[in-house]
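Okay, so here's the structure we're looking at.
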Amino acid sequence: MRMSQSSFPAWLAAQAAEREERGLTRRLADSDRGEPLLDLAGNDYLGLARDPRVVAGAVAAAQAYGAGACASRLVSGTLSIHTELERAMAAFAGFPSALVFSTGYHANLSVVQALADRDTLVVSDAHIHASMIDACRLARAAVTVTPHNDVAAVSRALAGRTQRRALVLAETIYSVLGDAAPVAELAELAAAHDAVLIADEAHAFGVAGPGGRGLLAAHGLTGRPEVVATATLSKSFGAQGGLVLGSPAVREHLINRARPFIYDTGLAPAAAGGALAALRVVQADPAAGAVLSVPMPGPREALAAVAAAAGHGLRIGCFRPPSTPDSISRLRLTAHAHHTDEELALATKVLRRVVPQGRRGTRWRQG
Ligand SMILES: Cc1ncc(COP(=O)(O)O)c(C=O)c1O
């Protein structure tokens, strides 16, 4: 057998060697093995993935509908639990309708691919999630990448477009940077330029806005014809799956045109049942919104508190303008269901040290 440099095994080996040399090798590790760590890295913001009510919802759905949906939603893979989940999520988020996907990644791929065409300009924030970047490629649309949260650049791109239609892509809370998009300004621009704002609420849905309804709801932007939202069920809702929220016409269009929806097996019943149960927990029990927001005198004080907490072995979040609509800098702490009393006691002790007196009378809030 011929084994030249260009053979498949040789190519794989060369790729691996190059990654290793550059220190870029990624490795998978079973997170449920080895020394248990205090997890401040995962996206199970509300600690619902292991909540008994959510697990029971997943189990009940698997028992009632089976382990898989067994076909594309358009063949025989649409189950009543999908429809129930879509209605419940749309009502919660304040949109007229919703469509459920097997992942948030698929939701993003679908919405851009189906709503853009060759006569569409896609104006994309520089820090948009990879799923949106891939979606632009799938859509074969013209793309203008604007600097992060640069409203003026978005405005210029829309004003100078030669394409008939335009989409503006943003995350409402950016997954890596953790800051918020200027959604009100972006929606205003979209309306003024006959464009559509597609806002990914992956890191906001369930934890930000009124009752966890997301940042679009916080700005009164849900249900507007020029605003379409995407969300994931795999972060705050502790399950798996994605959502597109918009008008019934958008839903119908996606069912007919979104390739990652049409050619994909429907969401697994257990994921749908888990997400529905998580939604009920979020709606019924505002205390489940485990985001502790601590208003601070200013951004410098907030940053100093973060540094001091880190010195005591505690990683805490920090929200500063422009990610706070009211311009108040805040510390942001997320508790997870798996945090023990001892860990919370340690956190309280450290916070007593690093948060100025008079600022501790804060409340647990949902969003
Ligand atoms: C901003 C953003 N959008 C979409 C996704 C994809 O969601 P899912 O993990 O449900 O596919 C992620 C997940 O990493 C994300 O961070």
Side-chain angles (χ1 to χ4, degrees), residues 26 28 31 39-46 48-49 54 58 69 73 82 85-86 89 93 98-115 122 124-139 145 148-149 167-183 186 197-209 212 214-216 227-246 254 258-261 263-276 278-279 282 317 323 334:
R26 293 167 162 145
L28 298 175
S31 62
D39 180 25
L40 299 178
N43 295 317
D44 182 19
Y45 295 129
L46 303 180
L48 290 179
V54 176
R73 293 280 305 273
H82 294 139
L85 179 61
E86 288 170 348
M89 284 292 177
L99 189 64
V100 160
F101 297 76
S102 56
T103 65
Y105 190 97
H106 277 70
N108 279 349
L109 272 190
S110 290
V111 75
V112 179
Q113 176 259 309
L115 297 183
V122 180
S124 172
D125 188 279
H127 283 264
I128 206 79
H129 189 258
S131 52
M132 289 283 198
I133 295 171
D134 294 353
C136 293
R137 292 174 185 150
L138 201 59
V145 177
H148 183 53
N149 278 349
L167 305 179
V168 176
L169 309 185
E171 288 176 40
T172 57
I173 291 180
Y174 279 86
S175 53
V176 176
L177 300 179
D179 58 351
V183 281
L186 294 177
L197 169 64
I198 299 179
D200 182 350
E201 294 256 44
H203 294 273
F205 204 50
V207 287
L215 274 199
L216 294 173
V227 176
V228 174
T230 64
T232 166
L233 306 174
S234 55
K235 302 191 192 300
S236 309
F237 288 89
Q240 187 94 33
L243 277 178
V244 173
L245 298 146
L254 294 182
R259 293 171 64 82
F261 178 83
Y263 299 103
D264 187 37
T265 297
L267 179 66
L276 252 179
L279 177 61
V282 167
S323 54
T334 58

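All ligand and atom numbering here is 1-based and tracks the order in the structure. All values reported here derive from a predicted model rather than from experimental measurement. Positions are given from 1 along the sequence.
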### Query
Under the salt bridge (charged side-chain N to carboxylate O under 4.0 Å, His left out) test, which residues partner R137, sequence neighbours left out?
D134
### Task
Begin from the C-alpha positions of E201 and L245 and carry the test side-chain contact (heavy atoms from CB on, under 4.5 Å) through to its verdict.
CA-CA 10 Å; E201 294 256 44; L245 298 146; over 6 Å; no
#### Entry: D179 and H148: CA distance, side-chain angles, deciding distance, side-chain contact (heavy atoms from CB on, under 4.5 Å) verdict
CA-CA 10 Å; D179 58 351; H148 183 53; 2.7 Å; yes
### Task
Determine the interplanar angle of the F237 and F205 rings, folded into 0 to 90°, and report it as parallel if under 30°, tilted if 30 to 60°, perpendicular if over 60°.
tilted
Could you give the N/O to N/O pairs under 3.5 Å linking ligand 1 and the protein, each with its distance?
residue  : atom   : partner : partner atom : Å
ligand 1 : 3 (N)  : D200    : OD2          : 2.6
ligand 1 : 9 (O)  : S234    : OG           : 3.4
ligand 1 : 10 (O) : G104    : N            : 2.9
ligand 1 : 10 (O) : T232    : OG1          : 2.7
ligand 1 : 10 (O) : S234    : OG           : 2.7
ligand 1 : 11 (O) : G104    : N            : 3.2
ligand 1 : 11 (O) : Y105    : N            : 2.9
ligand 1 : 14 (O) : H129    : NE2          : 3.4
ligand 1 : 14 (O) : K235    : NZ           : 3.1
ligand 1 : 16 (O) : H203    : NE2          : 2.7

### Residue pair E171, D125: steps toward the side-chain contact (heavy atoms from CB on, under 4.5 Å) verdict
CA-CA 8 Å; E171 288 176 40; D125 188 279; over 6 Å; no
### Query
Does a donor on one side chain sit under 3.5 Å from an acceptor on the other, for H203 and Y45?
yes
